[in-house]
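Down below is the structure, laid out as structure tokens.
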Amino acid sequence: MKQDKLEAMFPGEPLENRCPAVGYQRVAVCAAVTVTPFARLGAVTTVSCGEPVICARTCDCPGVENGSCCFTIRQELCIEVPVIFGAEVALSDPSSTCISASGEDCTDCDCGCAAQEEPFRES
């Protein structure tokens with residue numbers, strides 16, 4: 001092992017006449033992430049846009065006795081519907097699994113993650 005790396009691992013420790021040893025442990029760390037989407041409705045407000053209008057009159061109403069008059073009233077409304085969209089994320093406590101221990105350092109470590117990834121699944 002290089003002297004400067006050993007000195008960084010043991011700061012202030014004289015390394016002459018010493019036999020430092022370093023072990024390496026590969027560990028898989030997992031934490032479950034839960035994403036929960038939400039949509040929350042705010043206070044709905046309705047506002048009249050102008051006055052009501054009688055928009056159709058007829059004195060021949062289907063299904064009504066003769067002599068009756070029918071009409072339609074039209075009212076425009078503006079309805080304000082506020083909605084907040086978002087997602088809440090919760091992270092569980094991480095867990096770990098020891099994989100292997102060795103005397104080899106961690107440089108050029110191929111964890112094989114690409115082969116172990118689960119494909120994306122829509123729910």
Q: Output the distance between atom CD1 (Ile79) and atom SG (Cys49), rounded to the nearest 0.5 Å.
A: 9.5 Å
Q) Does the side chain of Val53 reach to within under 4.5 Å of the side chain of Ile73, using non-hydrogen atoms? A) no
Q.
Are Val44 and Phe85 linked, directly or through intermediate hydrophobic residues, by side-chain heavy-atom contacts shorter than 4.5 Å (ILVMFWY only)?
A. yes
Q: Taking all heavy atoms of Pro94 and all of Ala31, pick out the closest pair and write down the distance.
A: CA-CB, 4.1 Å
Q) Are Val29 and Ile99 in one and the same hydrophobic cluster, where Ile, Leu, Val, Met, Phe, Trp and Tyr link if side-chain heavy atoms are under 4.5 Å apart? A) no
Q | Side-chain donor or acceptor of Glu76 paired with backbone N/O of Pro52 under 3.5 Å | A | no
Q) Within a reach of under 6.0 Å around CG of Leu77, are more than 12 heavy atoms found that belong to other residues, nucleotides or ligands? A) yes
**Q.** Over-ring placement of Arg40 relative to Phe38, 6.0 Å and 45° cut-offs
**A.** yes
Q. In this structure, are over 12 heavy atoms from other groups packed under 6.0 Å from Glu51 atom CD?
A. no
Q.
Quick check: closest heavy atoms across Ser100 and Gln25, and the distance to 0.1 Å?
A. O-NE2, 3.2 Å
Q | Partner set under side chain to side chain contact (heavy atoms under 4.5 Å, CB included) for Thr36, not counting sequence neighbours | A | Thr34
Q. With clusters built from Ile, Leu, Val, Met, Phe, Trp and Tyr whose side-chain heavy atoms come within less than 4.5 Å, directly or transitively, what are the remaining members of the cluster of Val89, listed by chain and number?
A. Val33, Val35, Leu91
